Number of protein chains: 2
Amino acid sequence: MGIIRKTRSIEILLTEFKNSGYAISAIELTKRLDEKLNKTTVYRVLDKLEDDGILHSFLDKKGIKWYAKCNNCTHTKHFDAHPHFQCIRCGKVDCLTIDIHIPKIPNREITVSQILIQGKCESCSI
Amino acid sequence: MGIIRKTRSIEILLTEFKNSGYAISAIELTKRLDEKLNKTTVYRVLDKLEDDGILHSFLDKKGIKWYAKCNNCTHTKHFDAHPHFQCIRCGKVDCLTIDIHIPKIPNREITVSQILIQGKCESCSI
DNA sequence: TTTATTATTGCAACATAGTTGCAATAAATT
DNA sequence: AATTTATTGCAACTATGTTGCAATAATAAA
Ligand SMILES: [Mn+2]
Ligand SMILES: [Mn+2]
Ligand SMILES: [Zn+2]
Ligand SMILES: [Zn+2]
């Protein structure tokens, strides 16, 4: 179930994403908003924003949960099957717009695929 | 640091992988070997077997750690950058031999990529 | 505007996966 | 057989995330 009431918590979390073109980990958000919001609230609001197609989530190499803005998703349809990139030096994570082709595999029905690419980002590869 | 002494624990864990063509999660191993080995030992031995290029590890959709046999890896070189497949019905996970091409991305140095494909396996898609 | 309804929040306690320190044990070497 | 030290088991811990429940606040109704 998604958002029903426009609350302070939701405003605060949306602002975090408005001011960032990158993905943000749930942990980072709980720390960053520690004075303002309880960590349970952070997790619950993120969950609702995802339900509503406002954010999407994925796990990084260590199994940590990250969130990023969706582009044209709704609460009924999510279109965020894109790969993600994590910089091994600065740790920044972002969404990639490239499309990676997954070939058919004999005798298997492919539903989804998660792709996490690692390397050095623009700033870190100089 | 890898294996130095050939112990009972190592034999037991190697046997588990000898009898399975699939990947096995660390959790599953701790449960399966609960009577024989302490969970700390299981985690430590898996870690060493990975160091030695005998096993390789990866995380599934939920961030759970899985291990599978390596093919031609050594303690100096790991060649296990292949994609993995997890059946959404029976939960089985295995290594795929297909090669998925990751295109170059402007201004970024790609090091590795993790690909987890989900769908129904041979048995489950009938 | 006031009152009523109920979604949302904060808190504490819990769950799960994996890790660490340390004394006891058991491989390997002498 | 004695010595060395890698490995193990245990308990306690860490980290990330979840749950139950009473208090609070957003919205609807009066
Ligand atoms: Mn994304
Ligand atoms: Mn594999
Ligand atoms: Zn970077
Ligand atoms: Zn299956």
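Residue numbers start from 1 in every chain, and the chains themselves are labelled A, B, ... in the order their sequence lines are given, proteins ahead of strands. Quantities reported herein were computed from a predicted structural model and do not represent experimental measurements.
For the residue pair A:Glu50 / A:Ser57, a side-chain donor-acceptor distance below 3.5 Å is found, with atom types taken as modelled. Defined by atom type and a distance below 3.5 Å, a donor-acceptor pair is present between the side-chain atoms of B:Gln118 and A:Gln114.
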(request) For side-chain contact (heavy atoms from CB on, under 4.5 Å), just list the numbers for A:His82 and A:Leu96, CA-CA rounded to whole Å, side-chain angles, deciding distance to a tenth of an Å, and then say yes or no. (result) CA-CA 6 Å; A:His82 52 257; A:Leu96 296 177; 5.7 Å; no
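Across the protein-nucleic acid pair, A:Ile10 atom CD1 and D:dA25 atom C1' stand 12 Å apart, rounded to whole Å. Whole-Å rounding puts the B:Arg44 CZ to D:dA6 P distance at 14 Å. What separates CG of A:Asn38 from P of D:dG17 is a distance of 15 Å, to the nearest Å. Note: NZ (A:Lys31) to C1' (D:dT14) measures 12 Å, nearest angstrom. D:dT24 atom P lies 16 Å from atom CZ of A:Arg5, rounded to whole Å.
In this structure a side-chain-to-backbone donor-acceptor pair under 3.5 Å is present from B:Asp52 to B:Ile3.
Distance check, rounded to the nearest 0.5 Å: OG of A:Ser123 to CG of B:Asn107 gives 9.5 Å.
Among the atoms of the strands shown, only primed sugar atoms or phosphate atoms (P, OP1, OP2) are found under 4.0 Å from some heavy atom of B:Ser9. Residue contacts shown for B:Lys39 include a base, since a base heavy atom lies under 4.0 Å away.
A 4.5 Å side-chain heavy-atom check between A:Trp66 and A:Leu29 finds every atom pair outside the cut-off. By the 4.5 Å heavy-atom criterion applied to side chains, A:Val45 and A:Lys48 are not counted as neighbours. Using a 4.5 Å heavy-atom cutoff, the side chains of A:His84 and A:Ile117 are not in contact.
Taking 4.0 Å as the cutoff to heavy atoms of chain A, we find the contact window on DNA chain C bounded by C:dT6 to C:dA12.
Taking the nucleotide of DNA chain C with the nearest heavy atom to each of B:Ala26 and A:Val42, the more 5' of the two is matched to A:Val42. If you find the closest nucleotide of DNA chain C to A:Thr7 and to B:Arg8, the one lying nearer the 5' end belongs to A:Thr7. Mapping A:Ile27 and A:Thr40 onto DNA chain D by nearest heavy atom places A:Ile27 closer to the 5' end of the strand.
Salt-bridge formation is detected for the pair B:Arg108/A:Asp94: a Lys NZ or Arg NE/NH1/NH2 atom is positioned less than 4.0 Å from an Asp or Glu carboxylate oxygen.
For the segment residues 50-70 of chain A, no residue has any heavy atom less than 4.0 angstrom from an atom of DNA chain C.
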